[in-house]
Amino acid sequence: MNPFFARRYVIQGIFIAAAIIIIVRLFYLQVINDKYLLSANNNVLRRITIYPARGVILDRNNKILVQNEPVYDLMVIPREVKPFDTLEFCRLLEITKARFDKQFKKARNQSIYRASVFEKQLSARVFAAFQEKLYQFPGFYAQNRTVRYYPDSLAAQFLGYIGEVNDKIIEKSNGFYSKGDYIGISGVERSYEDLLRGQRGVQNLMVDAFSRPKGHFADGKYDTLAVSGEGLQSSLDLELQRLGEELMRNKIGSIVAIEPSSGEILAFVSSPSYDPNLMVGRQRGNNYMKLLNNPYKPMFIRPIQAEYPPGSIFKVINALVAQQFGLITNSTTYVCGGGYRYGNRVMGCTHVHGPMNLTQSIQYSCNTYYGYTFNKMIDHAGMKTVKAYQRWQEAVAQFGIGSKLNIDLPNERKGLLPTADYYTKRWGGETWSSGFNISLSIGQGELGITPLQMANVMAIVANRGYYYNPHLIKAIGTKKIIKPEYTKRNNVGIDRKYFDAVIEGMSRVVNQPGGTAVYSKIPDIEMCGKTGTVQNPHGADHSVFVAFAPRVNPKIAIAVVVENSGFGATWSAPIASLLVEKYLKDSISRPPAYKTRITQASLLPAVKQKLQPKPTGKVDSGKIKTTVKP
Amino acid sequence: MSNVRPRNIFFNVDRVSLYIFLALCLIGWINIYAAVYDPEKANAFDLGTNYGKQLIFIITACLLGTFILLLDVKIFSTFSPLFYLVSLFLLMLVLVIGRNVGGNQAWIPIGSFRLQPSEFAKFSTCLVLAQYLSTSTIKNKSWKTTLQAGAIIGIPVVLILMQPDVGSALTFASLIFVLYREGLSGYFLIFGFLGIVLFILSLLLSKLILISGIVLLIGLILTQLRNRKQWIRPIILSTIGSILFIFSVDFTYNNILKPHHRNRIDVLLGKVEDLRGEGYNVNQSKIAIGSGRIFGKGFLQGTQTKYDFVPEQSTDFIFCTVGEEWGFIGSIVVVGLYLFLLLRIIFIAERQRSTFSRVYGYGVASILFCHFALNLGMTMGLVPVIGIPLPFISYGGSSLWGFTVLLFILLRLDANRMGII
């Protein structure tokens, strides 16, 4: 027996001890500590969001208003980048070397193993040139996405725009949105966000150490497909919209055209407008600031946010309401001596009209007639003034004035129609009478009406007593669903027969020689309209014209407001007549000069300090004090 | 060959070791297959892939083993000096004509394969050590014998360090177990162990704290040992020695070790957190093993190794695949197989009648143990990253053949254990 035989046990002991240490370590790694499993999943699993294509929006004739265009996010995995010609790279991407350095540093700081966005939203044009050379730049690859594209650059305020969600939205959405998602911020994009956005898909990819995809986790059991957003068909007529925007070029104002039989909005022009494509892509931030700082406020959606005293066009409503109350008839005649006298004051009229019946009062826009009429409705209605005013106010409110019409756009303003309480409070008791607010008779004073409400009033007159809530989207998705609230008929509480005299007066405005808008008479079409010229203490008068056509079986109701442009008949009425003719006949019969006089006119007011945008971006042109001329 | 006829050779071979050898080869092949598995081109016999090549290596290793079993048993002792000299020659040759792979000039290219002389130096050194110790014996005070045995081990170590392949060189250090078994003072083991502890402590703690700690400890021991004066001198000497050692650590660390060695040690000791640089391998390796949990992800279901998160996944880090796909259970089986093999080899060694065979057997056990402990320790983050393979499992012809020769010479000697060499 070897004298050192016992030493075998020492050596065996060392072997066994080492094995035990290893097993204990294994037990710790594999059984006790579960952070390694998480790390392994982090290593391998990539949750890839599949962004759905946003819904396409068509016009009423299935022409595309907004579609999706592919763009490319250039991604980089810093670790895989090999030396390359940076100057060539920058030239191809159209970026500066400084930008390159900054972006590359940013990516490196995020992770050198993981892919991060190097440059967002490269256009197809830039990317096409870059792609040919992509093999020269290992570590870079492209990921495609879609952005909005507006082939005709029209209807910016109507369509609105989308933008990346911010932290506040993410938090509020309870996890629905996540970083990198886009959301509708204004216009239809916002009001129909739920439908347009579609449903995101998820792919659980397994990737290798170089982030190369190696297949789907669990054979795609947890993957979901992206569902494209619903397509929307808008009620807009692309050609009418195009003509409207062309006519409003270099002018401030609005055009709203409505199909009376459905409430569908045919044209929705807010001027000045902007190219909606500016709100897409890499320059969006800059463009947005430029638009925001533009003194003419292109971001202000005038058709639903600008409130004006309606002026003479309000006489139409008073004529109808007074008839419905039984206080005047179509043969009621008042003599205009050049003004309406109340107490020791006079509300002037432009002319001495002499005796006026109802139709003539509309035709000639006689202030005196409506002074008497209003006086009768408020002071001689067989009830207390407050009660009578309340009845009047409620009747007017039926026309959609002073309340939102619930158009399918965000941020609609309701306008202004004071209640009886307002005057009671203002005059310190119920002892006031029509003399205190006689300007309401001619659409002046404490009244604010949006162009949309003006157009809607015309739709009501065209329909002789009812309207559908004006809306911009006529059908949703492939099934052409229409929102139920837009199929509900709203009666305004005026009997059909009371419209005849008013409509006759409106027809004469356009069609009878001597009418205020006879210059805007359309050959072969009997358009009924009413001019308004709204005095504006801050500048030139606002030109207003409302109309519907044809007189029998009307197809279009329209309101045109051109700010600071003078008489309604000068600008607004011709613009409306061109649009009406275009819509009804699909061509314009009047000589080109008729149109070019308008398109070439620049009626932008000089920029004054007060026009500079306030930090909030809100505008209160509706509160501009105005007086009214016929 | 006097009393064992050739037809009995296979009958006399230690079956247990043979089965464990085959089991480890098979486990190795399965896991190499899983590590480089690509569902698009899965062909177990594709010779262009690692697992295809490994299959060839395993078959040739078996042939090689059979060949060794058929050799005359006397060859090993008689020609051991020759083998040793050839190994040394190859180790020198590789420094001249070798191919540099991964910073180590350790490979001699032969056709499409590469030969690693250090693998062959292992068994030849064991053989010549056995030959030497079977003629002399290490006694407590026989410094000459100890030094000569140390020189036999030291020469290939120096040559290998010139490549410089620290991992392979380290495995020769394990031959200290052989010397210990043959009579080397146990203090060498204790001092070796204390040396490692001091090395680590001196990297972690400041010298002042460490030295005052040692002085305090020694002072405490001395007060307890007042009556035994014969202890005082060695203790004081070893104290001075350890203080000198502490100062030498800085020198070794900064001047002898290469930067990547220093980094690996720093990472292991937690002095730097570098999960993307030097720490990447070990971190990914731990993730792969740890993510296997108790039962593993299943064959071919591992993701960390297959998707290249773990580097060197079929060679040095092959155990990651075992850990990931077969879990704690599978890992224990592999560790158990190794432990069983090591104990079996010691058992075999101890049953030899000749000192030559016994010494050789301990040499085999020591070298296998060193690879087993350092490789697994490395994949689990217990020891610094040292590039040495896991015997019989890691991919690679040279290492598989080297270990096969190492083991089968022992089996051949054992089959003839009743004979006299």
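What you are looking at is a predicted structure, and each value in this text was computed from that prediction instead of being measured. Letters A, B, ... mirror the listed sequences (proteins, then strands); counts begin at 1.
Contact of B:F193 with chain A is not made at all, since no heavy-atom distance falls under 4.5 Å. Contact of B:A288 with chain A is not made at all, since no heavy-atom distance falls under 4.5 Å. Both the backbone and the side chain of B:I294 come within contact range of chain A, with heavy atoms under 4.5 Å apart. For A:I16, the parts lying under 4.5 angstrom from a heavy atom of chain B are both the backbone and the side chain. Within the 4.5 angstrom heavy-atom criterion, only side-chain atoms of B:Y362, from C-beta onward, approach chain A. The parts of A:F27 that come within reach of chain B are both its backbone and its side chain, each placing non-hydrogen atoms under 4.5 angstrom from that chain. Contacts between B:F369 and chain A at a heavy-atom distance below 4.5 Å involve the side chain alone, from C-beta outward.
When side chains are defined from C-beta on, B:C126 counts as touching B:L175, because their heavy atoms get closer than 4.5 Å.
Counting only N and O atoms by type, the side chains of B:S291 and B:K297 include a donor and acceptor under 3.5 Å apart.
For the pair A:R200 and A:F176, the cation-pi test (distance below 6.0 Å, angle within 45°) is passed.
Side-chain rings of B:F372 and A:F15 stay apart, their centers remaining 6.0 Å or farther from each other.
Between chain B and the options A:L26, A:I21, A:I23, heavy-atom pairs under 4.5 Å are most frequent for A:L26.
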Review point. Can A:R284 and A:E164 be said to form a side-chain contact (heavy atoms from CB on, under 4.5 Å), step by step?
Key: CA-CA 11 Å; A:R284 199 196 122 184; A:E164 222 171 302; 5.8 Å; no
Review point. Which is it for B:V364 and B:Y360 under the side-chain contact (heavy atoms from CB on, under 4.5 Å) test, yes or no, and what are the steps along the way?
Key: CA-CA 6 Å; B:V364 174; B:Y360 182 76; 3.5 Å; yes
